[in-house]
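So that the names make sense, note that chain A is the first sequence line, chain B the second, and so on, each numbered from 1. Small disclaimer: the values here were computed from a predicted structure and weren't measured.
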Amino acid sequence: MLQVAYIRDNKEDIVKRLAKRNIDATQMINEVISLDEARRSLQTKLDSTKAESNSLSKEIGNLFKSGEAQKANLLKEKTTQLKETTKTLEQELNYKADELKALLYKIPNVPNTIVPAGNTDEDNEEVFREGDIPVLYDGALPHWELAKKYDIIDFELGNKITGAGFPVYKGKGAKLQRALITYFLDKNTEAGYTEFQLPHLVNEASGFGTGQLPDKEGQMYHVTADNLYLIPTAEVPGTNIFRDTLLAESDLPIGITGYTPCFRREAGSYGAHVRGLNRLHQFDKVEILRVEHPNNSYNALDGMVEHVKDILKELKLPYRILRLCGGDLGFTSALTYDFEVFSTAQDRWLEISSVSNFETFQANRLKLRFKNSEGKNELCHTLNGSSLALPRVLAGILENYQTEDGIKIPEVLIPYTGFDMIS
RNA sequence: GGAGAAAUGGCAGAGUGGUCGAAUGCACUGGUCUUGAAAACCAGCGAGGGUCACACCUCCGGGGGUUCGAAUCCCUCUUUCUCCGCCA
């Protein structure tokens with residue numbers, strides 16, 4: 001959520017930068033400003049009415065004390081009137097404030113100046129590419145075929161137990177999955193992130209804190225009996241650690257990491273692009289999350305990108321990094337880098353990580369602040385990224401590491417799997 | 001699930017109808033002292049709204065009520081603790 005004061009002071013710039021998302025925010029921005037003006041003038045009226053009745057109350061108290069009950073009772077009548085005025089003003093004020101809030105919830109974050117303009121993923125800007133694309137043997141298979149051939153992932157069994165999009169990992173497949181999780185967590189903690197185990201269900205307040213609510217509830221599984229939501233990403237419980245928090249400047253930066261399953265309802269879509277592990281209702285992910293001083297957040301973003309690069313390099317997977325264009329940028333993000341692994345057998349790029357700086361957009365909603373060197377409370381910057389999302393990394397490994405004799409395990413993972421080949 | 005107690009500023013913790021946005025301690029900031037640091041002493045120090053700045057308004061877990069006036073009384077919800085029950 002953007003801050004009203006920021007909108008007031010940077011109207012033109014905001015409209016210009018939001019245009020990169022292909023939205024014309026002029027009207028919304030103007031409405032915010034006029035709603036805020038209306039809100040403030042009501043607030044002023046209400047405040048002075050309350051001030052009057054406060055001072056009358058004091059007077060009444062004093063009169064009763066000095067035994068002048070008659071005078072006091074006269075004043076009481078006056079306060080009754082003021083009370084009614086207060087009530088109506090309060091109602092009007094609440095109405096305006098709600099309207100303003102609802103509108104603010106609808107305005108996405110302002111893209112950073114280096115975000116390229118564009119509509120679709122085709123307009124994303126490739127900024128880096130590394131790793132050799134392997135030449136595979138004749139008859140190389142996509143991962144869903146490999147999964148069947150080596151009996152390591154069972155999609156049909158998942159259908160039986162739950163439904164589409166809930167695969168069952170078996171034997172060496174399960175072990176490889178667990179190896180990846182442990183390896184990612186180890187890499188992250190080595191880089192200074194503190195490991196957390198977080199709840200997989202969150203309450204409504206947390207959903208609002210990170211922006212899944214009020215508009216995107218359809219994407220989450222909802223446990224209606226207890227009004228809880230299954231997390232779509234560890235970002236939700238992880239970021240909400242810091243809801244309503246006032247930090248000392250010396251607490252920054254904070255880096256945390258956590259493994260969680262992620263649950264996403266997603267609108268159903270079928271075809272090769274969502275086959276196998278490409279898109280699931282339940283998948284595993286290791287997330288990194290940072291709370292930063294505003295002066296350092298872009299530095300930190302670069303650091304996170306380097307960190308993810310390092311992991312992919314160790315896994316020896318061919319990948320590229322994209323700077324997302326305005327049209328592809330997430331609602332809450334100011335700048336996002338996507339990582340994609342090239343899947344040779346599918347002959348396409350698979351998104352495996354998304355690293356973003358939200359600047360103060362989340363912090364404003366969360367009320368996540370720190371006391372700065374001037375003693376003033378200032379909003380922190382928040383960032384997060386996947387490091388990494390499991391299914392597509394797994395798909396990438398299966399497809400790129402396949403040989404006619406079986407699937408080789410990347411060297412860095414062998415200490416974690418205890419085997420070097422799936423055959 | 002049953003019975004009881006509690007929720008107050010960054011933290012701890014007083015405060016049971018008016019002068020309480022709230023004692024005190026810790027933490028923090030500035031100063032004195034010191035070669036420097038520590039200690040000691042002095043001063044400052046909650047948040048949000050509002051204002052050019054003041055004034056002023058709101059906030060004592062959330063919501064509602066009583067009252068001229070509520071941190072304080074009542075209702076309700078949530079959470080925590082203690083005891084009992086049940087259970088991995």
Side-chain angles (χ1 to χ4, degrees), chain A residues 1-9 32-101 103-104 197-209 213-214 223-229 237 240-254 291 293 360 363-380:
Chain A
M1 184 165 66
L2 296 174
Q3 293 159 274
V4 178
Y6 171 71
I7 293 177
R8 235 187 293 161
D9 296 342
V32 165
I33 291 170
S34 74
L35 276 171
D36 181 54
E37 269 164 15
R39 196 214 91 228
R40 268 148 65 214
S41 95
L42 280 167
Q43 182 84 59
T44 313
K45 269 188 215 161
L46 176 65
D47 285 359
S48 54
T49 313
K50 279 187 169 171
E52 205 179 323
S53 69
N54 282 347
S55 75
L56 279 176
S57 286
K58 260 184 200 167
E59 230 177 290
I60 290 168
N62 288 332
L63 286 172
F64 273 124
K65 254 181 214 165
S66 58
E68 301 172 77
Q70 250 186 342
K71 274 189 187 172
N73 283 324
L74 265 171
L75 288 182
K76 267 198 196 178
E77 279 173 37
K78 236 181 176 175
T79 54
T80 332
Q81 286 172 14
L82 286 174
K83 237 179 162 181
E84 270 168 43
T85 318
T86 306
K87 220 170 202 172
T88 43
L89 281 173
E90 241 160 20
Q91 274 168 4
E92 285 174 53
L93 178 67
N94 285 341
Y95 183 73
K96 283 285 171 212
D98 287 348
E99 237 182 315
L100 177 61
K101 211 180 192 178
L103 185 59
L104 283 171
Q197 284 200 9
L198 296 159
H200 301 165
L201 280 82
V202 294
N203 59 27
E204 223 170 18
S206 292
F208 274 95
L213 300 174
V223 181
T224 48
D226 299 290
N227 198 24
L228 297 172
Y229 294 86
N240 274 284
I241 291 172
F242 303 102
R243 173 151 45 89
D244 293 317
T245 303
L246 179 60
L247 299 166
E249 194 166 21
S250 59
D251 292 333
L252 301 174
I254 296 171
V291 181
H293 192 287
T360 59
N364 186 35
R365 248 198 219 204
L366 290 165
K367 284 203 215 106
L368 165 56
R369 298 154 302 163
F370 70 99
K371 204 166 270 295
N372 67 20
S373 49
E374 283 151 26
K376 294 226 163 124
N377 296 336
E378 194 178 334
L379 291 172
C380 301

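- Remark: P of B/rC28 and CG of A/L247 are 16 Å apart, rounded to the nearest angstrom.
- In this structure, A/F242 places its CZ atom 16 Å from C1' of B/rG10, rounding to the nearest Å.
- Using a 4.0 Å cut-off, some side-chain N or O of A/R369 falls inside it from OP1 or OP2 of B/rG48.
- Electrostatic pairing of A/D36 and A/R39 counts as a salt bridge here, judged by a charged N lying under 4.0 Å from a carboxylate O.
- The same atom, P, is picked in B/rA23 and in B/rA43; the two are 15 Å apart, to the nearest Å.
- For the pair A/D251 (side chain) and A/A248 (backbone), a donor-acceptor distance under 3.5 Å is present.
- Nucleotide B/rG49 holds its P atom 10 Å from the NZ atom of A/K367, rounded to whole Å.
- A gap of 16 Å separates the C1' atoms of B/rG61 and B/rA5, to the nearest Å.
- Atom P of B/rA53 sits at a distance of 34 Å from the matching atom of B/rG65, rounded to the whole Å.
- Residue A/K371 is classed as a sugar-phosphate contact, given heavy-atom separations below 4.0 Å to backbone atoms only.
- A 4.5 Å side-chain heavy-atom check between A/L247 and A/L368 finds at least one atom pair inside the cut-off.
- Across all strands shown, B/rU24 forms a Watson-Crick or G-U wobble pair with B/rA12, both key distances being under 3.5 Å.
- Checking B/rA37 for Watson-Crick or G-U wobble geometry (two distances, each under 3.5 Å) identifies no partner in any strand.
- Base pairing of B/rG30: its partner is B/rC42, meeting the Watson-Crick or G-U wobble criterion (both donor-acceptor distances under 3.5 Å).
- Comparing A/A51 and A/R40 by the nucleotide of RNA chain B that holds the closest heavy atom to each, the one mapping nearer the 5' end is A/R40.
- For B/rG62 and B/rG69, the C1' atoms lie 23 Å apart once the distance is rounded to whole Å.
- Comparing B/rA22 with B/rG9, their P atoms sit 15 Å apart, to the nearest whole Å.
- Under the Watson-Crick or G-U wobble criterion, with both distances below 3.5 Å, B/rA88 has no partner in any strand shown.
- Residues A/K76 and A/N73 form a side-chain contact, since some pair of their non-hydrogen atoms from C-beta on lies under 4.5 Å apart.
- Rounded to whole Å, the distance from CG on A/N372 to P on B/rG10 is 16 Å.
- Taking the side chain as every heavy atom from C-beta outward, A/I241 and A/L198 approach each other to under 4.5 Å.
- Here the rule is salt bridge (charged side-chain N to carboxylate O under 4.0 Å, His left out) with A/D244, and of A/K367, A/R365, A/R369 only A/K367 fits it.
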Can you give me the N/O atom pairs linking the protein to nucleotides 68-71 of chain B at distances under 3.5 Å, or say none if there are none?
residue, atom, partner, partner atom, Å
B/rC68, O2', A/S57, OG, 3.0
B/rG69, O4', A/S57, OG, 3.4

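- A distance-only check finds no donor-acceptor pair linking the side chain of A/N372 to the backbone of A/E378 [under 3.5 Å].
- Here the P atom of nucleotide B/rU58 and the NZ atom of A/K45 are 18 Å apart, to the nearest Å.
- Residue A/N54 places its side chain closer to B/rU58 than to any other of B/rA47, B/rU58, B/rG49.
- Nucleotides B/rG17 and B/rA12 place their C1' atoms 27 Å apart, quoted to the nearest Å.
- Residue A/N62 has no polar side-chain atom (N or O) positioned under 4.0 Å from OP1 or OP2 of B/rU19.
- Judged by distance alone, with hydrogens and angles left aside, the side-chain atoms of A/T44 form no donor-acceptor pair with the main-chain N or O of A/L42 at under 3.5 Å.
- Distance from the side chain of A/K50 is smallest to B/rU58 among B/rG50, B/rU58, B/rG10.
- In this structure, the CD atom of A/E90 is 9 Å from the P atom of B/rG64, given to the nearest Å.
- Across the C1' atoms, B/rG46 and B/rC28 are found 13 Å apart, a figure rounded to whole Å.
- The nucleotide B/rC81 finds its pairing partner in B/rG4, both defining distances of the Watson-Crick or G-U wobble pair being shorter than 3.5 Å.
- We find that CG of A/L93 is positioned 14 Å from P of B/rG49, with the value rounded to whole Å.
- With 3.5 Å as the limit, one finds no donor-acceptor pair spanning the side chains of A/S57 and A/N54.
- Across all strands shown, B/rG69 forms no Watson-Crick or G-U wobble pair with both key distances under 3.5 Å.
- Residue contacts for A/N377: at a heavy-atom cut-off of 4.0 Å it reaches the sugar-phosphate backbone alone, with no base atom in range.
- For A/E59 and B/rU19, the CD to P distance is 15 Å, given to the nearest whole Å.
- Comparing B/rC41 with B/rG25, their P atoms are spaced 10 Å from each other, to the whole Å.
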